[in-house]
Amino acid sequence: MSPHGFQSLAALVRRETAMVYEPGKEYLVEARLLPLATALGVDIDTYISRLGTDPTERRKALDALTINETSWFRDHSPYQAFTEEMLPAVLAARADRRRISIWSAACSSGQEAYSIAMLLDQHLPAGWTAEILATDVSTAMLTRVQNGRYSQVEMNRGMPATSLVKYFTRAGTDWEVVPRLRQMVRTRHLNLADPYLGLGTFDVVLLRNVLIYFDDVTKADILRRMSGHVAADGYLLLGASETTLGMPSDVASLWRREQLGRVQAHRPVLAAPQRSTYVPPSSTTAIGA
Ligand SMILES: C[S@@+](CC[C@H](N)C(=O)[O-])C[C@H]1O[C@@H](n2cnc3c(N)ncnc32)[C@H](O)[C@@H]1O
């Protein structure tokens, strides 16, 4: 791949997903795009120049370039904190309407959303409704969430044997999520760098292991706008290496950190209506509804 090919590919990925591909990642790009280029019988540079005019191939390339690493109950502690700290608090706070809403933002192939669905199946009292919204910029990943099918290798990554038996059925060599969990999860295509239109607020938002792929301006912008979508008494969970520490002061001041067991959750400082109408002076991105 030529330097120019890499540069124009990196610019495309950044424009479409906000993900930053720094020089030095040429080997990764080549490994992921070579099968697509080979299928069309062209070299990598020709393939990259084709992406500007071929939306179908562009979608395939972007799907191939997003990093979808995930696993069941990833890192364990956030799920323990969810069950032991967040869920009891939400159950007490929402006792009148008996509905809990969760957003798995950057859901990858759905392990995060379905891990939460399993915990809700076990711990939600009768008469409650659970809604889990799973969003991602990759349409291929959203299709995987909808299909709810996982290979044996994927199941081996964190799925407890008791939950495997309880929540999955065999589908050939794969495993399929049972309908009652799938009914809890709905999907929507969403680029976190775009406005969050019509999303409303959620009791718990999981925004895990995705901010690491963005530059500082994009991270700050997302955390600013995200604050309009976490209920006043709700929780935002970031990945283990992600934090609001070191963010511009207008962003850091929107969140307070709370230690829940071994996890630091982020909680809104202001009530949602105040936050969602807040327009940061330096942001050029529209604030989501
Ligand atoms: C490493 S996975 C993390 C999955 C899951 N949250 C977890 O922690 O296991 C990152 C996901 O972020 C998605 N992603 C990357 N850029 C995105 C963007 N701009 N908007 C929404 N999702 C994005 C990728 O498609 C990928 O599925």
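Nothing fancy with the numbering, it's 1 onward along the sequence. Atoms within each ligand, like the ligands themselves, are counted from 1 in listed order.
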Nearest atoms (heavy-atom pairs only) where Cys107 meets Val145:
SG-CG2, 4.0 Å
Taking the six-membered ring for Trp, are Trp72 and Tyr114 closer than 6.0 Å centroid to centroid?
no
Ser71 to ligand 1: N or O pair under 3.5 Å?
no
For Val137 and Glu16, which heavy atoms make the closest approach, and how far apart are they?
CG2-O, 4.0 Å
For Ser108, atoms of ligand 1 separated by under 4.0 Å from a heavy atom:
4 (C), 27 (O)
Are there more than 12 heavy atoms of other residues, nucleotides or ligands under 6.0 Å from atom CZ of Arg186?
no
Between Thr129 and Glu131, is any side-chain donor less than 3.5 angstrom from a side-chain acceptor?
no
Do any nitrogen or oxygen atoms of Leu192 come within less than 3.5 Å of a nitrogen or oxygen of ligand 1?
yes
For the residue pair Glu85 and Gly261, what are the closest heavy atoms and their distance?
OE2-N, 4.2 Å
Atoms of ligand 1 under 4.0 Å from any heavy atom of Leu190, numbered from 1 in the order shown, are 20 (N), 21 (C)
Hey, are the side chains of Phe214 and Ile222 touching, using non-hydrogen atoms and a 4.5 Å cut-off?
yes
Tell me: protein heavy atom nearest atom 8 (O) of ligand 1, and distance?
Asn209 ND2, 2.8 Å
Ser138 N/O to ligand 1 N/O under 3.5 Å:
no
Where ligand 1 meets Asn68 - atom numbers and elements under 4.0 angstrom, heavy-atom basis:
24 (C), 25 (O), 26 (C), 27 (O)
Identity and distance of the protein heavy atom lying nearest atom 19 (N) of ligand 1:
Thr17 O, 2.6 Å
Residue His4 excluded, over 12 heavy atoms near NE2 under 6.0 Å
no
For atom 7 (C) of ligand 1, what is the closest protein heavy atom, and at what distance to 0.1 Å?
Arg74 NH1, 3.3 Å
Grab the two heavy atoms, one from Arg208 and one from Ala240, that are nearest each other, plus how far apart they are.
NH2-N, 4.5 Å
At under 4.0 Å between heavy atoms, which part of Thr135 makes contact with ligand 1: side chain, backbone, both or neither?
neither
Numbered atoms and elements of ligand 1 in range of Thr66, under 4.0 angstrom, heavy atoms:
24 (C), 25 (O)
Atom 17 (C) of ligand 1 has as its nearest protein heavy atom Val137 CG1, 3.5 Å
Identity and separation of the nearest protein heavy atom to atom 15 (C) of ligand 1
Met19 SD, 3.6 Å
Tyr21 ring centre to Arg14 NZ or CZ under 6.0 Å, with the angle to the axis within 45°?
no
Determine, considering heavy atoms only, which of Ile67, Val145, Ile222 sits nearest to atom 2 (S) of ligand 1.
Ile67
Using a 4.0 Å heavy-atom threshold (strictly under), name the region of Gln111 that reaches ligand 1: side chain, backbone, both or neither.
neither
Give the minimum heavy-atom separation between Ile132 and Ala113, together with the two atoms involved.
CD1-O, 3.7 Å
Counting heavy atoms only, which part of Asn191 comes closer than 4.0 Å to ligand 1: side chain, backbone, both or neither?
both
Suppose I only count heavy atoms of Phe214 and a 4.0 Å limit; which atoms of ligand 1 are within that range?
16 (N), 17 (C), 18 (C), 19 (N)
Below 4.0 angstrom from a heavy atom of Val210, which ligand 1 atoms are there? Numbered from 1 as shown, please.
12 (O), 14 (N), 15 (C), 23 (C)
Contact region, Arg208 to ligand 1, non-hydrogen atoms below 4.0 Å, reads both
Can you tell me if NZ on Lys166 sees more than 12 non-hydrogen neighbours from other groups inside 6.0 Å?
yes
Over 60° means perpendicular and under 30° means parallel, so tell me whether Trp103 and Phe202 are parallel, tilted or perpendicular.
tilted
Which segment of Thr70 sits under 4.0 Å of ligand 1 when only heavy atoms are counted
both
Considering only heavy atoms of Glu69, which atoms of ligand 1 have at least one such atom less than 4.0 Å away?
1 (C), 2 (S), 3 (C), 4 (C), 9 (O)
Do Asp63 and Lys60 sit within salt-bridge range, that is, some charged N less than 4.0 Å from a carboxylate O?
no
Quick one: nearest non-hydrogen protein atom to atom 27 (O) of ligand 1, plus distance?
Asp136 OD2, 2.7 Å
Judging by distance only, is a nitrogen or oxygen of Tyr213 under 3.5 angstrom from one on ligand 1?
no
Restricting to non-hydrogen atoms, name the atom on Arg144 and the atom on Ser109 that form the minimum distance, rounded to 0.1 Å.
NH1-CB, 3.7 Å
Looking at Glu112, which atoms of ligand 1 are within less than 4.0 Å of one of its heavy atoms?
5 (C), 6 (N), 7 (C), 8 (O)
Tell me whether Ala106 has any N or O atom under 3.5 angstrom from an N or O of ligand 1.
yes
